[in-house]
Enquirer: 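One structure coming up, written as structure tokens, with questions to follow.
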Amino acid sequence: MNNLHVYNSLSRTKEVFTPVTEGHAGMYVCGPTVSGESHLGHARPYVTFDVIYRYLMHLGYKVRYVRNITDAGHFEEEGRAAEDKISKKAILEKLEPMELVQKYTNLFHWAMQQFNTLPPSIEPTATGHIVEQIGMIETIIKAGFAYVVNGSVYFDVKKYAASYDYGKLSGRVIDDLLETTRDLEGQEEKRDKTDFALWKNAAPEHIMRWQSPWGIGFPGWHIECSAMATKYLGSRFDIHGGGMDLLFPHHESEIAQSTICNHEAPVRYWIHNNMITINGRKMGKSYNNVIKLTELFSGNHPLLGKAYHPMTIRFFILQTHYRSTLDFSNDALLAAEKGLKRLWEAYENLKKLKTEAVELSNEPGDPEQEARVVKFLSAFPQFMNDDFSTARVLASMFELAPLINSMKDKIIPVTSLSKNTLEQLHNEFKIYLEDILGLKGINDADNEKLQGIMQLLMDIRKVAKGKKDFVTSDKIRNQLLELGILLKDEKGGEMSWTID
RNA sequence: GGUCCUUUGGCCGAGUGGCUAGGCAAAGCUCUGCAAAAGCUUCUACAGCGGUUCGAAUCCGCUAGGGACCUCCA
């Protein structure tokens, strides 16, 4: 259980994972802001931390995975733009704020399901935890690290930095920050430019608003995560995840808030995934280069040559280490799609082989092949334990694909592996491919009627082939191909099919 | 401007001080009624220049390119 090494953004090194509470793991991941549709960039953290969640459970930890829904909206602190993002858009679309929130929350959940991510243990909303947030702000004021101005509350970063290390996560130096932070309007309320809002006084046109000890307003962005993480995971928990772009100021500020309230640094291991780029540039709304998930699934985007299955996207993400940037392109997705298909077919073949092998006695296999299997299988956990190197697990699986396919095609005998080894191979593939990496086959061939029809067509074609009636046999194959069904002849006159 | 990261073969990408990931694409071969699939084989890279070392793509320095954060951002 203790071989897991994770890269901690705090120390910038890989550390042995030792949970706060033996046998348990608490993980908080910054969830979506449901003011708009999710795009490809958003998919990465949720897939990444889904695999981490699954792997921790695989290791036997009892995991509590908390991922919030930001439905109160982050406000922009500067001047006239100081409006709640969600309420602003609600006016434009003439929708109730909560109607908008509901719509995008549903869409988000739908997308997460498409990606086969497991739902988190708790999915708290920011609006549902206003009380907790106000409570934390009061504590911070009482401790002397926040001040009230015109119904707004700000965190006193300079004062905090005098006793604590503000910048230890992001590597910032407070003096540099004081000089480099942009001088924008509307900041006159703050004592220092680095101070951030804990509570913001609501302008009259601001729809989302709550009563607080400082008047009517809405909470700051950073406080929501601190409040919900503390509530459900305690003052010190194991993992906090999110995109690298949240390192500063969001996570840095979370540390400051929680440290004041709970008298200890909140998180043991900070894990950050890198960005998805497009032409080398971060995909993000500020760059206007996003590809929405719905566009990805439908192919309805100028940069896409076709629609992509959610599993292709998941595979695409997992083929790269989570801390590297991942460059999007249609070609890259096309390659991922083919790769996944190939790997999955090998896995399907393995299932068949395993079923057939039930009849075999447990003769020893070819020592060379046995050793090969053992070598690659033993590498799976090693790779995952080394900071969740999903890319290397997948590469190892590809290494085993030729062996599996050769056995299935009878190029080499099935007895090249002992029954035990074959079963073990199958089990490990199942565990890593399905349970841990969370992948599924793209083809939905579970439909019984379709199975029956296909069997019928294949039987007819076999007869035709036997009579050398290639007109009929080709007609069946070609027409199926037009429908997107690929019929493949196999050794010994057998056939198989896949949906393209 | 400040802080940090990065640069791998046609493309995407893993990784390590010495044992040349993997996928996609391409070419050849085998199998096959034909095709597809599959199998086998080929293409052998680590930005440039210096340094450390018996040995560096991997460590250090410089140069050049790219990027992230410093503002909402996954």
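FYI, side chains are in, hydrogens and waters are out, and symmetry mates aren't considered; it's all heavy atoms of this structure. Not measured: the values here are computed from a predicted model. Just so we're on the same page: letters track the sequence lines, and every chain starts at 1.
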Enquirer: Rounding to an integer number of Å, can you tell me how far L481(A) CG sits from A35(B) C1'?
Expert: 10 Å
Enquirer: Please report the distance separating the C1' of C46(B) from the corresponding atom of G10(B), rounded so that it comes out in whole Å.
Expert: 16 Å
Enquirer: Honestly, is R172(A) close enough over Y166(A), meaning NZ or CZ under 6.0 Å from the six-membered ring centre and within 45° of the axis?
Expert: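 No cation-pi geometry.
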Enquirer: So, is R342(A) close to the G39(B) phosphate, meaning a side-chain N or O under 4.0 Å from OP1 or OP2?
Expert: yes
Enquirer: What is the distance from NE2 of H42(A) to P of A74(B), rounded to the nearest Å?
Expert: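 To the nearest whole Å, that distance equals 3 Å.
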Enquirer: Whole Å only: how far is the CG atom of L340(A) from the P atom of G13(B)?
Expert: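 Answer to the nearest Å: 17 Å.
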Enquirer: Nearest to the side chain of D474(A), which nucleotide is it out of G33(B), A74(B), A36(B)?
Expert: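 Nearest nucleotide to the side chain: G33(B).
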Enquirer: Counting only Watson-Crick or G-U wobble pairs whose two distances fall under 3.5 Å, which nucleotide matches G50(B)?
Expert: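 Because both required distances fall under 3.5 Å, G50(B) counts as paired with C60(B).
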Enquirer: Could you give the distance separating A26(B) and U44(B) at their C1' atoms, to the nearest angstrom?
Expert: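 Going atom to atom, C1' in each nucleotide, I get 15 Å.
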Enquirer: Using atom P in both nucleotides, what's the gap between G9(B) and G61(B) to the nearest angstrom?
Expert: 24 Å
Enquirer: For K465(A), report the nucleic acid contact type (base, sugar-phosphate, nothing); a contact means any heavy atom under 4.0 Å.
Expert: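 K465(A): base contact, heavy atoms under 4.0 Å.
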Enquirer: Heavy atoms only, 4.0 Å cut-off, all strands: where does H321(A) land among base, sugar-phosphate and nothing?
Expert: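 Answer is sugar-phosphate: H321(A) comes under 4.0 Å of backbone atoms only.
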Enquirer: I276(A) or I411(A): which one's nearest nucleotide on RNA chain B is closer to the 5' end?
Expert: I411(A)
Enquirer: Is the shortest side-chain N/O distance from N273(A) to OP1 or OP2 of A74(B) below 4.0 Å?
Expert: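 Negative; the distance criterion is not met.
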Enquirer: Using the P atom as the reference point in each nucleotide, state the distance between C24(B) and A38(B) in Å, no decimals.
Expert: 8 Å
Enquirer: To the nearest Å, how far apart are L318(A) CG and G22(B) C1'?
Expert: 14 Å
Enquirer: With distance as the sole criterion, do the side chain of R477(A) and the base of A35(B) form a donor-acceptor contact below 3.5 Å?
Expert: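 Answer yes: a donor N or O sits under 3.5 Å from an acceptor.
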Enquirer: Please identify each residue that fulfils side-chain contact (heavy atoms from CB on, under 4.5 Å) with A111(A), with sequence neighbours left out.
Expert: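 For A111(A), the residues satisfying side-chain contact (heavy atoms from CB on, under 4.5 Å) (neighbours in sequence not counted) are L293(A).
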Enquirer: To the nearest 0.5 angstrom, please state how far the CZ atom of F388(A) sits from the CG atom of L4(A).
Expert: 4.5 Å
Enquirer: Which of these, R191(A), K190(A), E189(A), sits in a side-chain hydrogen bond (donor to acceptor under 3.5 Å, both in side chains) with Y154(A)?
Expert: E189(A)
Enquirer: Test D387(A) against every option in H5(A), K14(A), R323(A) by the side-chain hydrogen bond (donor to acceptor under 3.5 Å, both in side chains) rule and name the one that passes.
Expert: R323(A)
Enquirer: Does NZ or CZ of K306(A) fall inside the cone over Y308(A)'s six-membered ring, less than 6.0 Å from its centre and within 45° of the axis?
Expert: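 Judged by the rule (NZ or CZ under 6.0 Å from the ring centre, within 45° of its axis), K306(A) counts as positioned above Y308(A).
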Enquirer: Whole Å only: how far is the CD atom of E399(A) from the C1' atom of G15(B)?
Expert: 13 Å
Enquirer: Using atom C1' in both nucleotides, what's the gap between U8(B) and A56(B) to the nearest angstrom?
Expert: 14 Å
Enquirer: Counting just side-chain N and O atoms, does K341(A) come under 4.0 Å of either OP1 or OP2 of G23(B)?
Expert: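 Checking K341(A) against G23(B): no side-chain N or O falls below 4.0 Å of OP1 or OP2.
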Enquirer: Among C69(B), G39(B), A37(B), which nucleotide sits nearest the side chain of E345(A)?
Expert: A37(B)
Enquirer: Under 4.0 Å from OP1 or OP2 of C72(B): is there any side-chain N or O of Y287(A) that close?
Expert: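 Looking at the OP1 and OP2 atoms of C72(B), neither is under 4.0 Å from any side-chain N or O of Y287(A).
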Enquirer: For U53(B) and G17(B), measure between their C1' atoms and round to the nearest Å.
Expert: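 Taking atom C1' in both U53(B) and G17(B), they lie 9 Å apart.
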Enquirer: Quiz question: going by heavy-atom distance under 3.5 Å, is there a donor-acceptor pair between the base of C31(B) and the side chain of D489(A)?
Expert: no
Enquirer: Which whole number of Å gives the distance between the C1' atom of C40(B) and that of C4(B)?
Expert: 47 Å
Enquirer: Should Y46(A) be counted as stacked on A74(B), where stacking needs a ring-centre gap under 5.5 Å and an angle between planes under 30 degrees?
Expert: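 So no, this residue does not stack on that base, at least one cut-off failing.
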Enquirer: Using both distances under 3.5 Å as the test, list the Watson-Crick or G-U wobble partner of C4(B), or none.
Expert: G67(B)
Enquirer: Quick check on C69(B): is either OP1 or OP2 less than 4.0 Å from any side-chain nitrogen or oxygen of K282(A)?
Expert: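 True: K282(A) side-chain N/O within range (under 4.0 Å) of C69(B) OP1/OP2.
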Enquirer: F470(A) has an atom CZ; how far is it from atom P of U32(B), in whole Å?
Expert: 13 Å
Enquirer: Whole Å only: how far is the CD1 atom of I317(A) from the C1' atom of A14(B)?
Expert: 17 Å
Enquirer: Select base, sugar-phosphate, or nothing to describe what G284(A) touches, counting heavy atoms under 4.0 Å on all strands.
Expert: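 No contact at all - G284(A) keeps every heavy atom at 4.0 Å or more from the nucleic acid.
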Enquirer: Answer yes or no: does a side-chain N or O of S324(A) lie under 4.0 Å from OP1 or OP2 of A14(B)?
Expert: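 Checking S324(A) against A14(B): at least one side-chain N or O falls below 4.0 Å of OP1 or OP2.
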Enquirer: Sort out the partner of A21(B) for me: Watson-Crick or G-U wobble, both distances under 3.5 Å, none otherwise.
Expert: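 Across any shown strand, A21(B) pairs with none.
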Enquirer: Looking only at the side chains, is there a donor atom on one of E123(A) and N68(A) sitting less than 3.5 Å from an acceptor on the other?
Expert: no
Enquirer: Is it the case that the side chains of E15(A) and S11(A) hold a donor-acceptor pair, with the cut-off being a distance below 3.5 Å and no angle test?
Expert: yes
Enquirer: Salt bridge check: are E345(A) and R342(A) linked by an N-O gap of less than 4.0 Å?
Expert: no
Enquirer: Relative to the ring of W270(A), is the ring of H251(A) parallel (under 30°), tilted (30 to 60°) or perpendicular (over 60°)?
Expert: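 Tilted.
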Enquirer: Roughly how far apart, to the nearest Å, are A57(B) and A45(B) at atom C1'?
Expert: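 Going atom to atom, C1' in each nucleotide, I get 9 Å.
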Enquirer: How many Å lie between CE on M244(A) and P on C69(B), as a whole number?
Expert: 11 Å
Enquirer: If a protein heavy atom is under 4.0 Å from the base, mark B; if only from the sugar-phosphate, S; if neither, -; do that for nucleotides 42-47 of chain B going 5' to 3'.
Expert: ------
Enquirer: For the residue pair R67(A) and F49(A), would you count it as a cation-pi contact if the rule is NZ or CZ under 6.0 angstrom from the ring centre and within 45 degrees of the ring axis?
Expert: no
Enquirer: Picking from G39(B), A36(B), G15(B), which would you name as closest to the side chain of P402(A)?
Expert: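 For the P402(A) side chain, the nearest candidate turns out to be G39(B).
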Enquirer: Do any N or O atoms from the side chain of R477(A) and from the backbone of D489(A) form a donor-acceptor pair under 3.5 angstrom?
Expert: no
Enquirer: Where along nucleotides 3-12 of chain B does protein come under 4.0 Å, by heavy atom, of base (B) or sugar-phosphate alone (S), with - for untouched nucleotides?
Expert: SS-------S
Enquirer: Does M275(A) reach a base, just sugar-phosphate, or nothing at all? Heavy atoms under 4.0 Å.
Expert: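 Counting heavy atoms under 4.0 Å across all strands, the contact made by M275(A) includes a base.
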Enquirer: Look through every strand shown and name the nucleotide pairing with A38(B) as Watson-Crick or G-U wobble, where both distances are under 3.5 Å.
Expert: U30(B)
Enquirer: Less than 6.0 angstrom from the centroid, inside 45 degrees of the normal: does R281(A) satisfy that with respect to the ring of Y287(A)?
Expert: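 Yes; both conditions hold, so R281(A) lies above the ring face of Y287(A).
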